[in-house]
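Worksheet: one structure, shown below.
Values in this document were obtained by computation on a predicted structure and should not be read as measured data.
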Amino acid sequence: MQRPPRGVSGVYDPGMKISMLAFLVVAGSGVAGASAQPAAAPGASADRPNIVFIMADDHAYQAISAYGSNRNVTPNIDRIAQAGMRFDRAFVTNSICAPSRAVILTGLLSHLNGVLTNGETFDPEMTTFPELLTEAGYSTAMIGKWHLRSTPRGFEHYEVLIGQGPYYNPPMIRDGQRVEHSGYTTDIITDLAIEWLREGRDEGKPFLLMAQHKAPHRNWQPGPEHINDYDGVVLPEPASLFDDWADNASPARQQEMTIAKHLTEHDLKLTTPGRLSEEQREVWDAAYDEKNQAFAEAGLTGDELVRWKYQRYAKDYLRSVQSVDDSVGRLLDELEALGLADNTIVIYTSDQGWYLGEHGWYDKRWMYEESFRTPLLVRWPGVVAPGSVNMDLVQNLDFAPTLLDAAGAKTPGRMQGVSMVSLLKGQTPIDWRQSVYYHYYENPGSHNVAKHEGVRTATHKLISFYETGEWELYDLIADPGEMQNLYGNAGTEGITEQLKGELEFLRAKYAVTD
Ligand SMILES: [Ca+2]
């Protein structure tokens with residue numbers, strides 16, 4: 001179903017796009033030489049693929065049916081997996097929103113791109129892959145959640161949420177001008193992306209469209225079309241919903257992200273969100289007044305209350321995901337309708353993973369699998385074998401070099417990621433990495449997660465909570481849920497030394513300093 005753009009005030013100005021590009025050319029953009037791709041003549045680009053990069057915020061792979069979700073069905077996201085490649089060992093380098101976005105744009109780890117936590121402003125002078133694609137002759141747009149405090153640069157066109165942005169009626173910044181929208185934010189981002197595909201892009205060029213959702217970020221406000229999904233359903237609980245962390249080092253026990261204790265009334269929808277129009281509020285209250293009355297009458301306590309909170313939280317999260325899935329379907333349909341699907345790479349990913357009740361948690365940040373991993377699905381007709389699955393170790397660090405490579409543009413030598421194009425072709429290079437590096441920095445910070453770094457191989461994970469000298473070691477084959485910290489146990493000396501050596505190797509390779 002295609003919907004017209006809704007509630008847009010302000011008129012789209014194609015001149016803005018052209019003048020922005022002209023500025024980049026005239027100014028030399030400060031990174032001339034970083035891209036060796038000579039400026040292609042407009043229209044001389046039929047062989048270069050278009051790129052649609054769709055990123056959700058905090059979308060757990062556990063909430064995608066292509067990844068085997070036992071809790072929801074995402075038929076449209078699954079279309080990308082069915083026609084393309086599913087990466088089962090895709091990881092982030094720092095599992096939190098703004099830092100992940102900076103890594104994706106720059107191909108540099110946090111300590112080199114400057115965004116260590118959500119508190120830093122992204123340096124607008126940093127070289128980014130969209131900027132390099134613009135220079136290489138791509139028509140480029142960034143629509144949706146930016147969340148880097150800076151003004152987007154290097155795109156022909158942008159329209160972004162302000163900060164986190166609300167779930168309903170978001171003001172946005174369109175090429176420097178504030179515009180007001182009414183409606184559900186996931187739908188609005190989709191409308192704007194489709195509008196740009198139809199009318200905004202330069203049709204003489206290949207294009208990069210980054211469509212980045214706010215959903216399903218906290219506090220998981222469903223859209224009107226899915227607000228009553230899962231009513232009457234009892235979602236399966238993760239096996240570790242009541243994890244007490246008895247076997248783990250103290251950092252995990254000191255966090256503040258439990259479903260049991262740390263969700264607020266606002267998170268649990270016991271209060272009505274602000275910002276809703278009268279009409280939206282009617283829909284909202286009609287849905288939640290009924291749900292909340294049943295809860296009040298039940299008078300739950302103890303584990304039963306935790307179970308109720310899990311159901312409420314997970315259902316709202318999945319309702320929010322469902323609108324993202326609708327959005328993916330609309331974008332895929334639009335590519336078909338415009339005759340672009342056959343020469344367009346479509347990527348679906350998230351800025352990191354998420355706990356959907358595993359270990360009793362919501363949120364992210366940890367190097368444990370649910371937040372360290374991120375969904376990554378790539379469709380590239382004629383290049384990627386439909387329905388393929390990749391088990392190589394890849395990271396969001398690799399996205400920039402991959403997309404530059406796919407576009408035939410040169411990757412700056414400073415970028416630390418590696419192009420995944422050969423993986424997409426089904427060919428793993430013999431020297432592909434055997435381990436990945438992780439580093440989380442935001443402490444003190446929300447949810448009280450200690451700083452940590454670590455290394456993961458195909459079979460094991462070693463984590464260093466270096467401020468307190470605590471370590472954790474997991475055997476991911478025997479214990480994929482990471483319920484048993486093996487560090488210091490007899491018989492693990494060899495693997496521990498091996499992983500410590502690997503961690504030092506990666507620190508040196510990536511120029512990580514103390
Ligand atoms: Ca996020």
Worksheet entry | Steps toward ring-ring contact (aromatic ring centres under 6.0 Å, His included) verdict (Y168, Y184) | CA-CA 5 Å; Y168 282 86; Y184 187 58; 5.1 Å; yes
Item to complete: Go through the steps for S139 and E156 under the test side-chain hydrogen bond (donor to acceptor under 3.5 Å, both in side chains), then give the verdict.
Response: CA-CA 6 Å; S139 187; E156 283 184 4; 2.8 Å; yes
Item to complete: Given salt bridge (charged side-chain N to carboxylate O under 4.0 Å, His left out), test E203 with K205 step by step and report yes or no.
Response: CA-CA 5 Å; E203 292 190 13; K205 298 177 176 180; over 6 Å; no
Worksheet item: Could you walk me through whether E131 and T134 pass the side-chain hydrogen bond (donor to acceptor under 3.5 Å, both in side chains) check?
Response: CA-CA 5 Å; E131 168 189 29; T134 303; over 6 Å; no
Worksheet item: Is there a side-chain hydrogen bond (donor to acceptor under 3.5 Å, both in side chains) between Q352 and D58 once you walk through the steps?
Response: CA-CA 6 Å; Q352 11 68 208; D58 297 352; 3.0 Å; yes
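For W366 and Y440, the ring centers are positioned 6.0 Å apart or more. The distance between the ring centers of Y362 and H447 falls below 6.0 angstrom. Here Y167 and H217 keep their ring centres 6.0 angstrom or further from each other.
There is a side-chain donor-acceptor pair under 3.5 Å between D78 and T74. No side-chain N or O of T301 forms a donor-acceptor pair with one of E304 less than 3.5 Å apart. For the 3.5 Å distance criterion, the side chains of S327 and T190 qualify, holding a donor opposite an acceptor. Side-chain contact of H266 with N219: a donor-acceptor pair under 3.5 Å is present, judged by distance alone. A donor-acceptor contact under 3.5 angstrom links the side chains of D405 and S419, judged on distance only. A donor and an acceptor atom, one from each side chain of S69 and N72, are located under 3.5 Å apart. Side-chain contact check for D285 and T272: at least one donor-acceptor pair (N or O, by modelled atom type) lies under 3.5 Å. Judged purely by distance below 3.5 Å, without hydrogens or angles, the side chains of H181 and E159 pair a donor atom with an acceptor atom. Defined by atom type and a distance below 3.5 Å, a donor-acceptor pair is missing between the side-chain atoms of T140 and H157. For the 3.5 Å distance criterion, the side chains of Q164 and K145 qualify, holding a donor opposite an acceptor.
A distance of 7.5 Å separates OG1 of T128 from CE of M415, quoted to the nearest 0.5 Å. To the nearest 0.5 Å, atom CZ of residue R48 and atom CG of residue L133 are 8.5 Å apart. Summarising the geometry, atom CD belonging to E370 is positioned 12.5 Å from atom CH2 belonging to W354; distances are rounded to the nearest 0.5 Å. Interatomic distance, CG of N169 versus CG of L276, reported as 7.0 Å (0.5 Å rounding).
With salt bridges taken as basic N to acidic carboxylate O contacts below 4.0 Å, one links D363 and R365. Looking at D325 and R79, no side-chain N of the basic residue comes within less than 4.0 Å of a carboxylate O on the acidic one, giving no salt bridge. Salt bridge annotation for R101-D57: present, with a cationic side-chain nitrogen under 4.0 angstrom from a carboxylate oxygen. Electrostatic pairing of E279 and R281 does not count as a salt bridge here, judged by no charged N lying under 4.0 Å from a carboxylate O. Under the 4.0 Å criterion applied to side-chain N and carboxylate O atoms, D229 and K315 are not assigned as salt-bridge partners. Ion pairing between a basic and an acidic side chain is recognised when a charged N comes within 4.0 Å of a carboxylate O; E195 and R198 show no such pairing.
Scanning all heavy atoms of the two residues, the minimum distance from W361 to A252 falls at CZ2-O, 3.9 Å. Of all non-hydrogen atoms in F155 and P130, the two that sit nearest each other are CE2-CB, 3.4 Å. Here the closest non-hydrogen pair linking L270 and R312 is CD2-NH1, 4.4 Å. Of all the heavy atoms in I259 and G357, the pair that sits closest is CD1-CA, 3.6 Å. Of all the heavy atoms in I194 and R330, the pair that sits closest is CD1-NH2, 3.7 Å. Minimum interatomic distance between V92 and S100 (heavy atoms only, all atoms of both residues): CG1-OG, 4.3 Å.
The cationic atom of K309 (NZ for Lys, CZ for Arg) does not lie both less than 6.0 Å from the six-membered ring centre of Y313 and within 45° of the ring axis. At least one test fails for K364 against the ring of Y355: distance under 6.0 Å to the centre or angle within 45° of the axis.
When the shell of 6.0 Å around CD of E290 is examined, it contains 12 or fewer heavy atoms from other residues, nucleotides or ligands.
Identified under the ring-ring contact (aromatic ring centres under 6.0 Å, His included) test for residues 60-93, with sequence neighbours left out: F91-F372.
Partners of R71 by salt bridge (Lys or Arg N to Asp or Glu O under 4.0 Å), not counting sequence neighbours, listed by chain and number: E358.
Of the possible polar contacts, none joining the N443 side chain to the G445 backbone as a donor-acceptor pair under 3.5 Å is found. Remark: the backbone N or O of T264 is paired with a side-chain donor or acceptor of D267 at under 3.5 angstrom. A donor-acceptor pair under 3.5 Å is formed between the side chain of R149 and the backbone N or O of N118. Side chain of T374 to backbone of S350: a donor-acceptor contact under 3.5 angstrom is found. A donor-acceptor pair is defined here as one N or O able to donate and one able to accept, closer than 3.5 Å; no such pair exists between the side chain of H226 and the backbone of P222. When atom types are taken as modelled, the side chain of E336 and the backbone of D333 share no donor-acceptor pair closer than 3.5 angstrom.
Ring pair H452/Y438 is tilted by interplanar angle, where 30° to 60° counts as tilted.
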